[in-house]
Engineer: 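Encoded as structure tokens, here's the structure I'll be asking about.
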Number of protein chains: 2
Amino acid sequence: MLTEERHQFIRDRLAADGKVLAGELASRFGVSEDTVRRDLRELAKAGQLRRVYGGAVPAAPFAAATIGQRSSHAVEEKHRLAKAAVRVLTSGQALFIDGGSTNEAIARAIPRDIELTVATNSLGVASALADLPLVELIVLGGRYIRDLGTCVGGDTLAAVAQLGADLFFLGSCGLDASRGVTAFDSAEAEVKRAMAKNSAGIVIAATNDKLATAAPYRVAAADTIRHLVVERTAPAAILADFQRQGAEIRFA
Amino acid sequence: MLTEERHQFIRDRLAADGKVLAGELASRFGVSEDTVRRDLRELAKAGQLRRVYGGAVPAAPFAAATIGQRSSHAVEEKHRLAKAAVRVLTSGQALFIDGGSTNEAIARAIPRDIELTVATNSLGVASALADLPLVELIVLGGRYIRDLGTCVGGDTLAAVAQLGADLFFLGSCGLDASRGVTAFDSAEAEVKRAMAKNSAGIVIAATNDKLATAAPYRVAAADTIRHLVVERTAPAAILADFQRQGAEIRFA
DNA sequence: GCAAAACATGCAATAACATGCACAAAGAAA
DNA sequence: TTTCTTTGTGCATGTTATTGCATGTTTTGC
């Protein structure tokens with residue numbers, strides 16, 4: 001087990017549970033508690049957590065999570081979702097993919113032997129697709145927003161308006177059966193709306209923590225979702241609401 | 001087993017598993033661990049992974065966007081050129097940066113504490129700038145050309161036309177005192193011309209093998225070059241030709 | 001205040017690492 | 001062809017990083 005893996009696991013657990021215990025980590029990693037304490041000390045020195053007696057807690061619980069930090073969160077789940085999500089793809093399709101760590105995971109999971117045309121405003125998605133030989137990649141430029149990892153603004157909207165797609169992989173922020181898909185940022189929501197408008201169907205892959213939540217800006221109604229990819233542990237009651245509105249549920 | 005095959009395998013495994021172990025790779029390839037470590041060292045130098053004790057993990061989130069093969073060539077020289085090139089920057093400037101491995105090296109060499117507005121059509125440059133907090137980044141979208149690592153086409157030209165810059169970091173292809181700056185690709189040349197037109201000055205960083213060569217498509221006349229950054233071993237006669245036409249020579 | 005748990009520090013063993021060198025294979029030049 | 005150069009590889013050498021243990025200190029709960 002690499003030191004880096006332990007550090008990554010600790011970061012993930014901190015983001016997920018809000019705390020880690022030194023003894024618990026030691027037995028899970030199969031190393032001595034001294035080693036875990038050394039790990040915690042290093043991460044604390046790098047400002048990635050705050051040490052407390054018995055373990056550690058997140059450094060800045062209320063700091064806005066940038067895309068880099070978010071993508072380290074729940075890596076396993078997102079990878080599983082991504083593998084399930086790419087199964088809706090068929091060769092020759094045209095896609096919109098917007099930002100978000102889940103969408104980046106999906107982009108990385110796209111197999112090399114499928115032919116696609118993809119338009120994206122996310123640098124991470126574009127980077128992941130940059131070396132897929134059969135993917136025609138269209139970068140939707142504009143003002144780059146560091147916290148989102150995507151381009152937004154008038155230029156982006158204009159570029160989207162010129163395109164059409166079969167599917168739109170919508171990086172959801174909030175997902176609620178009555179309020180539909182919602183976003184935290186106004187400019188981001190504008191781009192998502194434009195992509196949704198010019199797409200024949202919407203695909204959303206969502207971890208459980210996104211379900212039954214809502215953000216300020218409305219993006220799309222729930223009945224516009226064609227495929228909803230969720231974890232196996234997703235609450236059945238919530239899924240039924242989406243299913244009634246026409247969404248096809250796919251489990252990771 | 002070819003070196004390149006090992007490198008490709010390592011890249012694939014990193015993308016799939018998120019880590020590689022030196023010992024494991026050695027036994028799989030049937031080579032010594034020293035050879036594997038050499039491989040890892042090279043790939044790390046080219047920015048394609050990050051070395052950790054025991055193996056390696058994926059580099060930055062956007063590592064895939066950088067031009068893999070070309071940028072592994074003459075890394076030292078380009079890094080030196082890049083460090084010299086960024087010395088022309090002053091806080092508050094607006095820049096165009098187009099594609100090419102030298103320009104990617106320059107983007108990576110930009111210090112974190114300088115405030116800039118940068119518009120680029122290169123995914124690699126954009127990725128390098130994505131986490132510089134004081135850089136306002138404008139991505140020039142369009143059709144992505146895999147071989148160039150940049151976006152080209154009408155959309156790109158339209159986006160460039162709306163902007164203006166103090167300096168244009170031109171990734172040179174051919175550089176000749178009489179024929180000026182030239183490019184191998186028509187669409188690429190169009191974008192370069194548009195950027196040159198909307199910039200107050202042109203900066204070119206060129207390795208020796210670019211000097212006194214020319215490509216089919218004309219981009220800019222030699223007398224439009226304001227700063228020319230070259231290696232210390234560059235032929236003085238060639239440099240004198242550019243100097244006569246107004247270029248300020250800077251040695252790496 | 002006291003005992004137990006958690007912690008920091010120094011130390012030694014081990015594994016991973018970098019470096020220099022020799023050798024072999026592949027290619028270029030004579 | 002022969003010779004030379006280049007490149008890749010493995011091995012020997014010394015160096016560095018990581019780890020667990022022993023020791024002494026600090027914190028916590030009672």
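In what follows, every chain begins at residue 1, and chains take the letters A, B, ... in the order their sequences are listed. Below, all heavy atoms of this structure are taken into account, side chains as well, without hydrogens, waters or symmetry copies.
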Engineer: Tell me, please, which residues at least two apart from B:Pro133 pass side chain to side chain contact (heavy atoms under 4.5 Å, CB included).
Structural biologist: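 Result, side chain to side chain contact (heavy atoms under 4.5 Å, CB included) vs B:Pro133: B:Arg112.
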Engineer: Which residue, A:Glu42 or B:Leu2, contacts DNA chain D at a nucleotide closer to its 5' end, judged by nearest heavy atom?
Structural biologist: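 First, find each residue's nearest nucleotide; the 5'-ward one identifies B:Leu2.
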Engineer: Suppose we screen for side chain to side chain contact (heavy atoms under 4.5 Å, CB included). Which residues come up paired with B:Ser186, at least two apart in sequence or across chains?
Structural biologist: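 For B:Ser186 the side chain to side chain contact (heavy atoms under 4.5 Å, CB included) partners, ignoring immediate neighbours, are B:Tyr217.
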Engineer: Go through the side-chain N and O atoms of A:Lys78 and A:Ser101 and say whether any donor and acceptor fall under 3.5 Å apart.
Structural biologist: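 A:Lys78 vs A:Ser101: donor-acceptor pair found between side chains.
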Engineer: In a table with atom names and distances, give each donor-acceptor pair under 3.5 Å that connects a side chain of residues 14-29 of chain A to protein atoms at least two apart or in another chain.
Structural biologist:
from    : atom 1 : to      : atom 2 : distance (Å)
A:Asp17 : OD2    : A:Arg13 : NE     : 2.7
A:Asp17 : OD2    : A:Arg13 : NH2    : 3.4
A:Glu24 : OE2    : A:Arg13 : NH2    : 2.6
A:Ser27 : OG     : A:Glu24 : O      : 3.0

Engineer: Extract, from 5' to 3' on DNA chain D, the first and final nucleotides lying under 4.0 angstrom from some heavy atom of chain B.
Structural biologist: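 The contacted stretch runs from D:dG8 to D:dT18.
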Engineer: Going 5' to 3' along nucleotides 7-13 of chain C, which nucleotides have protein heavy atoms under 4.0 Å from the base (write B), which only from the sugar-phosphate (write S), and which from neither (write -)?
Structural biologist: BSB----
Engineer: Listed by chain and number, what are the side-chain hydrogen bond (donor to acceptor under 3.5 Å, both in side chains) partners of B:Asn103, not counting sequence neighbours?
Structural biologist: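 For B:Asn103, the residues satisfying side-chain hydrogen bond (donor to acceptor under 3.5 Å, both in side chains) (neighbours in sequence not counted) are B:Asp98.
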Engineer: Identify, between B:Gly30 and A:Ser32, the residue whose nearest nucleotide on DNA chain D lies closer to the 5' end.
Structural biologist: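 Its nearest nucleotide being more 5', the pick is B:Gly30.
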Engineer: How would you list, by chain and number, every residue that makes a side chain to side chain contact (heavy atoms under 4.5 Å, CB included) with B:Ser32, sequence neighbours excluded?
Structural biologist: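 Once residues adjacent in sequence are excluded, the partners of B:Ser32 under the side chain to side chain contact (heavy atoms under 4.5 Å, CB included) criterion are B:Asp34, B:Thr35.
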Engineer: For B:Ser178, enumerate each residue passing the side-chain hydrogen bond (donor to acceptor under 3.5 Å, both in side chains) test, keeping only those at least two apart in sequence or located in another chain.
Structural biologist: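 Testing B:Ser178 for side-chain hydrogen bond (donor to acceptor under 3.5 Å, both in side chains), a comparison that skips the adjacent residues, returns B:Asp176.
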Engineer: Only distances under 3.5 Å count here; give the side-chain donor-acceptor pairs of residues 227-234 of chain B to other protein atoms, sequence neighbours excluded, each with its distance to 0.1 Å.
Structural biologist:
from     : atom 1 : to       : atom 2 : distance (Å)
B:Glu231 : OE2    : B:Asn208 : N      : 2.9
B:Arg232 : NE     : B:Ala252 : O      : 3.2
B:Thr233 : OG1    : B:Asn208 : ND2    : 2.8

Engineer: Cut-off 3.5 Å, no hydrogens considered: what does the side-chain donor-acceptor table look like for residues 237-247 of chain B, sequence neighbours left out?
Structural biologist:
from     : atom 1 : to       : atom 2 : distance (Å)
B:Asp241 : OD1    : B:Arg244 : NH2    : 2.4
B:Gln245 : NE2    : B:Ala177 : O      : 2.7

Engineer: If the helix axis at each end comes from five base pairs, how far does the helix from C:dG1-D:dC30 to C:dA30-D:dT1 deviate from straight, to 10°?
Structural biologist: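 Helix axis angle between the two ends: 40°.
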Engineer: Salt bridge (charged side-chain N to carboxylate O under 4.0 Å, His left out): which pairs involve residues 39-49 of chain A, sequence neighbours left out?
Structural biologist: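 Counting only pairs at least two positions apart or across chains, the salt bridge (charged side-chain N to carboxylate O under 4.0 Å, His left out) contacts touching residues 39-49 of chain A are A:Arg6-A:Asp39.
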